[in-house]
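Note sheet for the following structure.
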Amino acid sequence: MKITLLRHTEVDVSYHKCYNGHIDIGLSSKGTKQAHLLAEEFKEKEYDLIFCSDLRRTRDTLSPFTQKAQAFYTEKLREKSWGKHEGMTFDAIIAQNEIEYETFLQWIRALDGEDYEAYIQRIEAFFLEFLPTQKAQDILVVTHAGVIRVLISLVKAISLEEAFSFDVSYGAYIILDTNTMSFSEVKYKLG
């Protein structure tokens, strides 16, 4: 089975470098153009199944795709909820003087919202337990950068900190071959 993991395209600049989590924001005008470019790039591709996060930025990314009608939308593909920290930058959170950054994992666990271990288990269950039960050879998943990085961490057996150092730009995609449990290089052709 091949799973193409596509990150949603660009959101408004005011949300860049923020912990957006479950905020239901749409795409910027550039992100809408990127979505149309991706739809053109993917138009000849036939997928057995398409899954998409139910948040607006992923739905808007998939919207111009000819295959969108067959998509299943699910909250299981959402980014982690950051609770009261959603929509805030790292610097804004630090400025509140409630949490101090010590290490990557300490910081992630200290932030409000969904328990980080539960988030990882949600991603693991979807990709490594649910998807393998589907009778499909080629699957498209439209989701978020954090989800893609957690999956990379799980498959490559590397730390979350190392996985989160991978650049997964807006509109980038990577393919997981579940037969070899290996990833293609991250692809990104959009301006």
Side-chain angles (χ1 to χ4, degrees), residues 5-38 52-63 73-124 126-127 141-154 156 158-174 183 185-191:
L5 301 143
L6 171 61
R7 183 187 182 189
H8 64 81
T9 55
E10 186 186 80
V11 296
D12 188 84
V13 70
S14 63
Y15 292 101
H16 288 200
K17 299 190 185 230
C18 292
Y19 292 84
N20 292 321
H22 290 195
I23 295 175
D24 206 15
I25 54 178
L27 302 176
S28 66
S29 59
K30 181 178 178 182
T32 300
K33 290 175 188 168
Q34 290 173 328
H36 284 276
L37 289 171
L38 282 168
C52 184
S53 162
D54 65 344
L55 293 176
R56 186 173 160 209
R57 56 194 182 267
T58 51
R59 289 183 291 119
D60 288 353
T61 298
L62 187 59
S63 180
Y73 298 90
T74 178
E75 63 186 23
K76 293 177 182 179
L77 291 170
R78 285 184 177 191
E79 188 64 272
K80 179 193 178 304
S81 165
W82 300 104
K84 68 180 183 179
H85 300 111
E86 292 205 349
M88 298 176 70
T89 64
F90 175 86
D91 290 339
I93 295 168
I94 290 289
Q96 291 181 328
N97 292 317
E98 294 176 1
I99 305 171
E100 220 174 279
Y101 182 93
E102 296 169 19
T103 66
F104 177 84
L105 279 178
Q106 164 272 332
W107 174 257
I108 295 298
R109 289 181 175 135
L111 292 174
D112 193 38
E114 183 178 9
D115 175 74
Y116 208 70
E117 281 71 25
Y119 170 60
I120 293 166
Q121 289 171 359
R122 172 167 55 89
I123 294 166
E124 184 174 24
F126 184 84
F127 286 99
V141 175
V142 184
T143 189
H144 308 269
V147 171
I148 295 169
R149 290 174 175 136
V150 168
L151 184 59
I152 289 170
S153 167
L154 292 167
K156 291 188 164 201
I158 59 174
S159 72
L160 285 172
E161 185 171 12
E162 187 177 351
F164 271 73
S165 71
F166 289 114
D167 180 25
V168 183
S169 301
Y170 293 117
Y173 61 94
I174 187 170
F183 288 97
E185 292 298 313
V186 174
K187 297 175 181 167
Y188 179 75
K189 298 182 186 174
L190 307 172

Non-neighbouring partners of T74 that pass side-chain contact (heavy atoms from CB on, under 4.5 Å), sequence neighbours left out: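 Per chain and number, T74 pairs via side-chain contact (heavy atoms from CB on, under 4.5 Å) with K76, L77, F126.
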
Do [X] and [Y] have side chains that approach each other closer than 4.5 Å (heavy atoms only, starting at C-beta)?
{"X": "F166", "Y": "I148", "answer": "no"}
{"X": "F183", "Y": "K156", "answer": "yes"}
{"X": "T58", "Y": "Y73", "answer": "no"}
{"X": "T89", "Y": "I93", "answer": "no"}
{"X": "I108", "Y": "W82", "answer": "yes"}
{"X": "Q106", "Y": "I99", "answer": "yes"}

If you measure from [atom1] on [X] to [atom2] on [Y], what distance do you get to the nearest 0.5 Å?
{"X": "Y116", "Y": "W107", "atom1": "OH", "atom2": "CH2", "result": "13.5 Å"}
{"X": "H22", "Y": "D54", "atom1": "NE2", "atom2": "CG", "result": "8.5 Å"}
{"X": "E161", "Y": "L105", "atom1": "CD", "atom2": "CG", "result": "7.0 Å"}
{"X": "I158", "Y": "S153", "atom1": "CD1", "atom2": "OG", "result": "6.0 Å"}
{"X": "H16", "Y": "S28", "atom1": "NE2", "atom2": "OG", "result": "6.0 Å"}
{"X": "D12", "Y": "S29", "atom1": "CG", "atom2": "OG", "result": "8.5 Å"}

Smallest separation among heavy atoms of [X] and [Y], with atom names:
{"X": "M88", "Y": "K84", "result": "SD-O, 3.7 Å"}
{"X": "R78", "Y": "Y119", "result": "O-CE1, 3.8 Å"}
{"X": "D112", "Y": "H85", "result": "N-ND1, 3.0 Å"}
{"X": "D167", "Y": "V186", "result": "O-CG1, 3.9 Å"}
{"X": "I152", "Y": "A163", "result": "CG2-CB, 4.4 Å"}
{"X": "E114", "Y": "K80", "result": "O-NZ, 2.7 Å"}

Look at the aromatic rings of H8 and Y170 and report parallel, tilted or perpendicular, splitting at 30° and 60°. tilted

Check E79 with R7, please: is the shortest side-chain N to carboxylate O separation under 4.0 Å? no

Identify, with sequence neighbours excluded, every residue that meets side chain to side chain donor-acceptor pair (under 3.5 Å) alongside E100.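 Counting only residues at least two positions away or on another chain, E100 forms no side chain to side chain donor-acceptor pair (under 3.5 Å).
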
Please list, chain by chain and in numerical order, all residues satisfying side chain to side chain donor-acceptor pair (under 3.5 Å) with S165, sequence neighbours excluded. none

Short side-chain to backbone donor-acceptor contact, [X] and [Y], under 3.5 Å:
{"X": "T9", "Y": "T61", "answer": "no"}
{"X": "R149", "Y": "E162", "answer": "no"}
{"X": "E10", "Y": "K30", "answer": "no"}
{"X": "D115", "Y": "A118", "answer": "yes"}

Set out, in order, the CA-CA distance, both residues' side-chain angles and the distance that settles side chain to side chain contact (heavy atoms under 4.5 Å, CB included) for Y173 and V168, then state yes or no. CA-CA 8 Å; Y173 61 94; V168 183; over 6 Å; no

Evaluate side chain to side chain contact (heavy atoms under 4.5 Å, CB included) for V141 paired with F127, printing each intermediate quantity in order. CA-CA 10 Å; V141 175; F127 286 99; 3.9 Å; yes

With salt bridge (charged side-chain N to carboxylate O under 4.0 Å, His left out) as the criterion, how do E117 and R109 come out once you've worked through the C-alpha distance, each side chain's angles and the decisive distance to 0.1 Å? CA-CA 9 Å; E117 281 71 25; R109 289 181 175 135; 2.6 Å; yes

Stepwise side chain to side chain contact (heavy atoms under 4.5 Å, CB included) test for D60 and T32: CA-CA 7 Å; D60 288 353; T32 300; over 6 Å; no

Examine the side chains of S53 and H144 and answer whether a donor and an acceptor come within less than 3.5 Å of each other. yes

I would like to know whether R59 and R56 meet side chain to side chain contact (heavy atoms under 4.5 Å, CB included); could you show each step before the answer? CA-CA 5 Å; R59 289 183 291 119; R56 186 173 160 209; 3.5 Å; yes

A quick test of your reading: do over 12 heavy atoms of other residues, nucleotides or ligands sit less than 6.0 Å from CD of E185?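 Counting neighbours around CD of E185, 12 or fewer heavy atoms of other residues, nucleotides or ligands fall under 6.0 Å, so no.
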
Crowding at OH, Y15 (>12 non-hydrogen neighbours, <6.0 Å): no

